[in-house]
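Atoms within each ligand, like the ligands themselves, are counted from 1 in listed order. These numbers were taken from a predicted model, which means no experiment stands behind them.
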Amino acid sequence: MRKIILTGDRPTGRLHIGHYVGSLRRRVELQNTGGFDEINILVADAQALTDNADNPEKVRRNIVNVTLDYLAAGIDPAKSRIVIQSRIPELTELTFYYMNLVTVARLQRNPTVKTELTMRGFGSSIPVGFFCYPISQAADITAFKATTVPAGEDQEPMLEQTREIVRSFNHTYQCDVLVEPEILLPQNRASMRLPGIDGKEKMSKSLSNAIYLSDEPEDIRKKVMSMYTDPDHLRVEDPGRVEGNPVFIYLDAFAKPEHFAEFLPEYHDLNELKEHYRRGGLGDVKVKKFLNNVLQSTLEPIRTRRHEYEKDIAYVYDVLRKGTDEAEQEAAATLSEVKNAMKINYFDDKELILEQQKEFDEAAKERAAAQAAKGPRQPHRKKEQ
Ligand code: TRP
């Protein structure tokens, strides 16, 4: 079986380091180490509109920002397709057919929908489109027959929903058209869900607690130096907590052995640094300075590449157009198989014409036979009053 990747992001803002360690970094690795026949990365603008219906301008502007972040992080358009979701009407069509296979109760139980509903405070005024976005995400994934979805832990319920739709579809229509995807989670726990610089559980634009891939060096430094740490670690001598401490979580996600050799040679590795912090005698400022160096050296090449691509936005749109055109052909092929399986491919279904003609011919024959049995047809007479 072909190994196919599909993943994506909502274009509601520039991408931050949480996106990077959660999925983007992995996509670039998978792209460069091969092993996959196809990589599709979706700029999910239609999904972004499910809760930004009143702000298409925000979505529109961020399509380029997200694409620039992809290219800057190392996504190579010669190896991976970058695709605009709304330019593939087949995805919407698939969504509409899958909707018949999912109950309202099932969507209400989807944990991602549940938390996002409370986070966004929709209450009972949930837009139907937003409520249904797990189904549209299933369409994104299955349209490409994706086997693998590199994504953060928060996407797991979406994948479960997708697998259910695949099973239900294949079972209902007695076929094996759709493929069950697997999620590919980040390699370590820290990368699963990077907290915000304020220590809040999630890094997000709306909470203003994010470090962006495109942040300037001085912004990164300020953000790192202002980070929340262990609130009980008041003096350098105090023992500190490493668990749940965002500075150490970021180091878990970003620090490599080379970084110690380059910026903090008095420690061998992160474990040694953590031990010292736990024991006491290691100040936050020292750890933050190290983290700042690690982030600066990781983000510098990304930012530089971004600035290069920013000089040629027409090229960025060409990349999108090419990726989207190729992707549409695939989605169209899947949609056609889906319609075949559902037997709603009326014009391509030669058998349907023959079959229905036969039925009508037989009915006509039966009528004729019944008539013959009754004897010659009587001329129609008006009823006498
Ligand atoms: N829901 C994803 C996000 O919030 C974006 C997305 C849309 C996606 N379609 C997808 C992710 C398909 C993986 C697979 O960022």
Atom indices of ligand 1 within 4.0 angstrom of [X] heavy atoms, with elements:
{"X": "Gln155", "result": "1 (N), 2 (C), 3 (C), 4 (O)"}
{"X": "Val149", "result": "13 (C), 14 (C)"}
{"X": "Leu6", "result": "12 (C), 14 (C)"}

[atom]: the protein heavy-atom neighbour that sits closest, reported with distance to 0.1 Å:
{"atom": "atom 4 (O) of ligand 1", "result": "Arg10 NE, 3.5 Å"}
{"atom": "atom 8 (C) of ligand 1", "result": "Gln137 NE2, 3.4 Å"}
{"atom": "atom 9 (N) of ligand 1", "result": "Asp140 OD2, 2.8 Å"}
{"atom": "atom 1 (N) of ligand 1", "result": "Gln47 OE1, 2.8 Å"}

Looking at ligand 1, does any of its N/O atoms fall within less than 3.5 Å of an N/O of Tyr133?
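Tyr133 vs ligand 1: no N/O contact under 3.5 Å.
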Contact (N/O only, under 3.5 Å) between Gln85 and ligand 1:
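So ligand 1 has no N or O lying under 3.5 Å from an N or O of Gln85.
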Which bit of Ala44 is near ligand 1, meaning a heavy atom under 4.0 Å away: side chain, backbone, both or neither?
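It is the side chain that touches ligand 1; the backbone stays farther off.
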Less than 4.0 angstrom from a charged side-chain N to a carboxylate O is my criterion; do [X] and [Y] meet it?
{"X": "Glu160", "Y": "Arg167", "result": "yes"}
{"X": "Arg60", "Y": "Glu57", "result": "yes"}
{"X": "Glu310", "Y": "Arg303", "result": "no"}
{"X": "Arg189", "Y": "Glu153", "result": "yes"}

I want to check something: taking the side chain as every heavy atom from C-beta on, are Val338 and Phe169 in contact at a cut-off of under 4.5 Å?
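They are in side-chain contact.
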Gln137 and Gln161: side chain donor to acceptor below 3.5 Å
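Result is no, nothing qualifies.
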Stepwise side chain to side chain contact (heavy atoms under 4.5 Å, CB included) test for Ile141 and Leu159:
CA-CA 9 Å; Ile141 296 169; Leu159 268 285; 4.2 Å; yes
